[in-house]
Amino acid sequence: MKLEKVRCEESLINFLTTLGIDIGDEENLPFVGKYFVEFRGVKYEGKSLDELESIITNLLGTYVVVPAYNEEKTIGKVLDELIEVFPPDRIIVVNDGSSDRTEEIAKSKGVNVITHLINRGLGGALGTGIAYALKKNARIIVTFDADGQHLVEDALKVMKPVVEGKANLAIGSRLKGDTSQMPLIKRIGNFGLDVITAIFAMKYVSDTQSGLRAISAECAKKIRITCDRYAVSSEIIVKAAKNKCKIVEVPIKAVYTEYSMKKGTNVIEGIKIALNLLLDAFRR
């Protein structure tokens, strides 16, 4: 999050300046009050100055990973919205072997762009992006789809339990939020994959295939991604659970357009996910 300049309570000016944060009075700046940081209606809360400092450090160390494959229609708008909240140098686009203008558009926005020479799939792209974020000493990693399916405000909500140290992995659940735009077939398909994931993770998550998640660096370092394609969403949950990472869900809105409806999992992908999880279990 952009916290290099904030509004704040007068009593906190010295505290914040010692952290290298500038003080301003513009209305669109994040506001720092007694033990909390508030931005766009989301309040990250602690109980002491030490916890406030930890929250600020986590927010400053949050990186956003955006896997992208042939997303020239949406990537520009998605990045524009992210850049309003996150500094470009903390946004990582993994151009997964795209044959269109995805790479060109992403580079024009001034964000980090990593390109796979061939298409490796969602899992490969997330693995590359998360590894790069960890090398940049990220404290929290947010994954965000490039097809316009997520709201930046929802990303801020999903980050909250991880930023506050109350969870290691937060999943943005469309099933717990506003599902009015989510087609019935998607809900049914997701439920089937949720059950399959729960069998391997020994934990039920209502929207395992959500691409919006926040993960602490501590948890991310324990997860070795081996599934290159859509099975990665279930794999992250299974491995986080096996490594005792605390997992929570945060309600988000399901945003679907004619374009994004063509993306994501289907029955065939669901079968592949189940087989991938089974093979991964045997590998351990």
Side-chain angles (χ1 to χ4, degrees), residues 1-66 76-93 106 109-112 129-130 132-144 150-170 172 212-220 248 250-253:
M1 183 189 293
K2 292 180 177 178
L3 278 185
E4 288 76 10
K5 188 176 183 181
V6 303
R7 294 180 298 125
C8 71
E9 293 182 2
E10 189 173 348
S11 61
L12 293 171
I13 292 176
N14 289 337
F15 170 74
L16 292 171
T17 53
T18 61
L19 297 178
I21 296 174
D22 294 330
I23 309 302
D25 57 8
E26 296 91 333
E27 281 296 318
N28 63 333
L29 292 174
F31 181 78
V32 182
K34 186 178 181 181
Y35 313 151
F36 72 85
V37 176
E38 185 171 10
F39 187 51
R40 293 198 176 189
V42 181
K43 186 181 284 189
Y44 305 92
E45 300 174 274
K47 295 180 180 178
S48 66
L49 274 181
D50 285 342
E51 289 189 10
L52 175 60
E53 182 174 354
S54 177
I55 286 169
I56 291 171
T57 302
N58 284 338
L59 290 172
L60 286 169
T62 297
Y63 281 72
V64 183
V65 173
V66 184
K77 183 174 183 293
V78 167
L79 291 177
D80 285 341
E81 292 173 353
L82 284 171
I83 289 168
E84 289 181 7
V85 176
F86 302 95
D89 65 350
R90 280 176 246 152
I91 299 172
I92 303 162
V93 173
K109 303 297 181 180
V111 302
N112 298 288
I130 290 171
Y132 183 79
L134 290 174
K135 286 182 179 179
K136 301 287 280 187
N137 296 314
R139 294 177 65 90
I140 293 170
I141 300 165
V142 174
T143 65
F144 197 93
H150 304 316
L151 302 176
V152 176
E153 286 75 15
D154 278 341
L156 294 175
K157 295 174 186 175
V158 171
M159 289 163 50
K160 178 177 165 66
V162 184
V163 167
E164 294 176 346
K166 296 176 181 176
N168 305 110
L169 173 61
L212 179 53
R213 59 179 76 80
I215 183 169
S216 68
E218 176 188 10
C219 183
V248 300
V250 178
I252 63 171
K253 183 176 182 179

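Within 6.0 Å of atom NZ in K43, more than 12 heavy atoms from other residues, nucleotides or ligands are found, so the atom counts as buried in its surroundings. The number of heavy atoms from other shown groups lying within 6.0 Å of CD (E4) is above 12.
A salt bridge is absent between K2 and E26: the closest approach of a Lys/Arg side-chain nitrogen to an acidic carboxylate oxygen does not fall below 4.0 angstrom. Using a cutoff of 4.0 Å between basic side-chain nitrogens and carboxylate oxygens, K77 and D80 are not scored as salt-bridged.
Note that the NZ atom of K166 and the CD atom of E45 stand 7.0 Å from one another [nearest 0.5 Å]. Note that CG of L3 is 5.0 Å distant from CG of L60, once rounded to the nearest 0.5 Å. Expressed to the nearest 0.5 Å, how far NZ of K160 lies from CG of L59 amounts to 10.5 Å. Once rounded to the nearest 0.5 Å, the distance linking CD1 of I252 with CG of L151 reads 8.0 Å. Interatomic distance, I13 CD1 to D22 CG, rounded to the nearest 0.5 Å: 12.0 Å. In this structure, CD1 in I21 is found 4.5 Å from CD1 in I56, a value given to the nearest 0.5 Å.
Taking the side chain as every heavy atom from C-beta outward, I83 and K109 approach each other to under 4.5 Å. Side-chain contact between V93 and N112 is absent, with no heavy atoms from C-beta onward closer than 4.5 Å. Between Y63 and V142 there is no side-chain heavy-atom pair separated by less than 4.5 Å. Residues V152 and L82 are in side-chain contact: their nearest non-hydrogen atoms beyond the backbone lie under 4.5 Å apart. Side-chain atoms of V37 and L52, non-hydrogen and from C-beta on, do get closer than 4.5 Å to each other. V85 is listed as a side-chain neighbour of F39, based on a closest heavy-atom distance under 4.5 Å. Two residues are said to be in side-chain contact when any heavy atoms from C-beta on lie closer than 4.5 Å; K5 and L29 meet this criterion. Between I141 and L134, some side-chain heavy-atom pair lies under the 4.5 Å cut-off.
Scanning all heavy atoms of the two residues, the minimum distance from A138 to A217 falls at O-CB, 3.2 Å. The shortest non-hydrogen separation linking A106 to V111 is O-CG2, 3.4 Å. A pairwise comparison of heavy atoms in V162 and S216 identifies CG1-N, 3.8 Å as the closest pair. Contact detail for Y35 and S48: the closest heavy-atom pair is CD2-C, 3.5 Å. Between I92 and Y132, the shortest heavy-atom distance links the atoms CD1-CD2, 3.4 Å. Nearest heavy-atom pair across R40 and E84 is NH2-OE1, 2.9 Å.
For the side-chain contact (heavy atoms from CB on, under 4.5 Å) with Y44, the qualifying choice from E51, M159, E38 is M159, the only one to do so.
In this pair, F36 and F31 present their aromatic rings tilted. The plane angle is within the 30 to 60° band.
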### Query
Hey, mind stepping through M1 and T62 against side-chain contact (heavy atoms from CB on, under 4.5 Å) and telling me if it holds?
CA-CA 7 Å; M1 183 189 293; T62 297; 6.0 Å; no
### Message
Determine whether L12 and L49 satisfy the following criterion, side-chain contact (heavy atoms from CB on, under 4.5 Å), listing intermediate values before the conclusion.
### Response
CA-CA 10 Å; L12 293 171; L49 274 181; 4.0 Å; yes
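Side-chain atoms of D154 come within 3.5 Å of backbone atoms of K253 as a donor-acceptor pair (strictly under, hydrogens ignored).
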